[in-house]
Chemist: 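Next up is a structure, given as structure tokens.
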Amino acid sequence: MKNVIDIDGHKAVVSLDPEIGMIRGEFLGLSGGADFYARSVDDLIVEGRKSLKVFLEMCAEKGIPPFREFSGRFNVRLAAEVHEAAVLAAAAENKSLNEWVADAIEAAARAA
């Protein structure tokens, strides 16, 4: 994946914060925010471990589940023309629109 690192089995998005000249990481899938900063990738991983540890400890202290739960459902808003084109593309593959969109998202997620 691009701009994503794995820290102890947890994914974090990485970006440059040009205002402070540092690399920023932010964990995905948490029930709250846990971001971290460093000047090198190696240091970013160290800081990420620290940030995640503190976040998990705070969740345990407060009795808060640390990870988001995903239902598998979400709404997508498209331009009417794109919606129509997607329905036609799905029908051409003998799929429902939901199946076609789910397949397209899965393929894109695996390629990322």
Side-chain angles (χ1 to χ4, degrees):
M1 294 184 130
K2 296 178 183 173
N3 299 324
V4 175
I5 58 174
D6 186 292
I7 299 176
D8 299 334
H10 300 282
K11 305 287 188 213
V13 174
V14 176
S15 61
L16 174 66
D17 187 331
E19 289 183 19
I20 60 173
M22 295 180 82
I23 306 168
R24 177 182 185 267
E26 181 179 6
F27 284 103
L28 303 171
L30 300 181
S31 59
D35 59 347
F36 46 101
Y37 293 82
R39 296 204 182 276
S40 73
V41 174
D42 290 339
D43 289 343
L44 190 69
I45 292 169
V46 170
E47 292 301 317
R49 284 189 177 117
K50 290 178 190 175
S51 177
L52 184 61
K53 182 178 184 243
V54 168
F55 177 81
L56 295 175
E57 288 171 354
M58 289 181 68
C59 286
E61 286 175 14
K62 295 180 179 184
I64 299 170
F67 302 102
R68 286 181 56 196
E69 290 189 30
F70 294 92
S71 69
R73 297 174 159 254
F74 70 99
N75 293 322
V76 178
R77 289 173 183 78
L78 304 169
E81 302 80 30
V82 175
H83 186 178
E84 180 182 14
V87 168
L88 294 172
E93 294 183 25
N94 200 27
K95 294 180 180 180
S96 69
L97 179 59
N98 189 72
E99 290 171 315
W100 187 82
V101 168
D103 290 347
I105 291 172
E106 183 176 353
R110 288 178 190 226

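For reference, positions follow the sequence shown, starting with 1. What you see is a predicted model, and the numbers here were worked out from it, not measured in a lab.
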Chemist: What's the separation between atom CG in Leu52 and atom CD in Glu57, rounded to the nearest 0.5 Å?
Modeler: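 The distance works out to 10.0 Å.
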Chemist: Counting distance only, does the side-chain N/O of Ser31 pair as donor-acceptor with the main-chain N or O of Pro65 below 3.5 Å?
Modeler: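 Answer holds: yes.
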Chemist: Measure the shortest side-chain to side-chain distance between Asp35 and Arg24 over non-hydrogen atoms and say whether it is less than 4.5 angstrom.
Modeler: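 When only atoms from C-beta onward are counted, Arg24 and Asp35 do touch, with a gap below 4.5 Å.
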Chemist: Any side-chain heavy atom of Val4 sitting closer than 4.5 Å to one from Val14?
Modeler: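 Result no, sub-4.5 Å side-chain heavy-atom pair not found.
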Chemist: Can you confirm whether Tyr37 sits close enough to Asp17 that some side-chain heavy atom of one is under 4.5 Å from a side-chain heavy atom of the other?
Modeler: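 Answer yes - side chains close enough.
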Chemist: Can you get from Val82 to Val87 by hopping between Ile, Leu, Val, Met, Phe, Trp and Tyr side chains that sit under 4.5 Å apart?
Modeler: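 Yes; Val87 is reachable from Val82 via cluster members.
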Chemist: Apply side-chain contact (heavy atoms from CB on, under 4.5 Å) to Met58 and Val54, showing your working.
Modeler: CA-CA 6 Å; Met58 289 181 68; Val54 168; 4.0 Å; yes
Chemist: Can a salt bridge be assigned to the pair Arg49 and Glu47 using a cut-off of 4.0 Å between side-chain N and carboxylate O?
Modeler: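 No, Arg49 and Glu47 are not salt-bridged.
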Chemist: Counting C-beta onward and ignoring hydrogens, is there a side-chain heavy-atom pair between Leu30 and Leu28 closer than 4.5 Å?
Modeler: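 No; the side chains remain at least 4.5 Å from each other.
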Chemist: Do the side chains of Trp100 and Phe74 join up, straight or via other hydrophobic residues, at under 4.5 Å, putting them in one cluster?
Modeler: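 They do share one cluster, since a chain of ILVMFWY contacts under 4.5 Å joins Trp100 to Phe74.
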Chemist: Which heavy atom of His83 sits nearest a heavy atom of Leu97, and at what distance?
Modeler: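 Distance-wise, the nearest heavy atoms are NE2-CD2, 3.8 Å.
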Chemist: Rounded to the nearest 0.5 Å, what separates atom CD1 in Ile105 from atom CG in Asp103?
Modeler: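 Here the rounded value is 9.5 Å.
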Chemist: So, the side chain of Glu84 versus the backbone of Glu81: is there a donor-acceptor pair under 3.5 Å, distance only?
Modeler: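 No: the side chain of Glu84 does not pair with the backbone of Glu81.
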Chemist: Where the side chain of Arg39 meets the backbone of Leu44, is there a donor-acceptor pair that is under 3.5 Å apart?
Modeler: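 Judged by distance alone, no pair lies under 3.5 Å.
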Chemist: Between CD1 of Ile64 and CG of Leu56, what distance do you get to the nearest 0.5 Å?
Modeler: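 It comes to 12.0 Å.
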Chemist: Do Phe67 and His10 have their ring centres less than 6.0 Å from each other?
Modeler: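 Phe67 vs His10: aromatic centres under 6.0 Å.
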Chemist: Is there a side-chain contact between Ile7 and Phe36 in this structure, where contact means two heavy atoms from C-beta onward sitting under 4.5 Å apart?
Modeler: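 With C-beta onward as the side chain, the pair touches.
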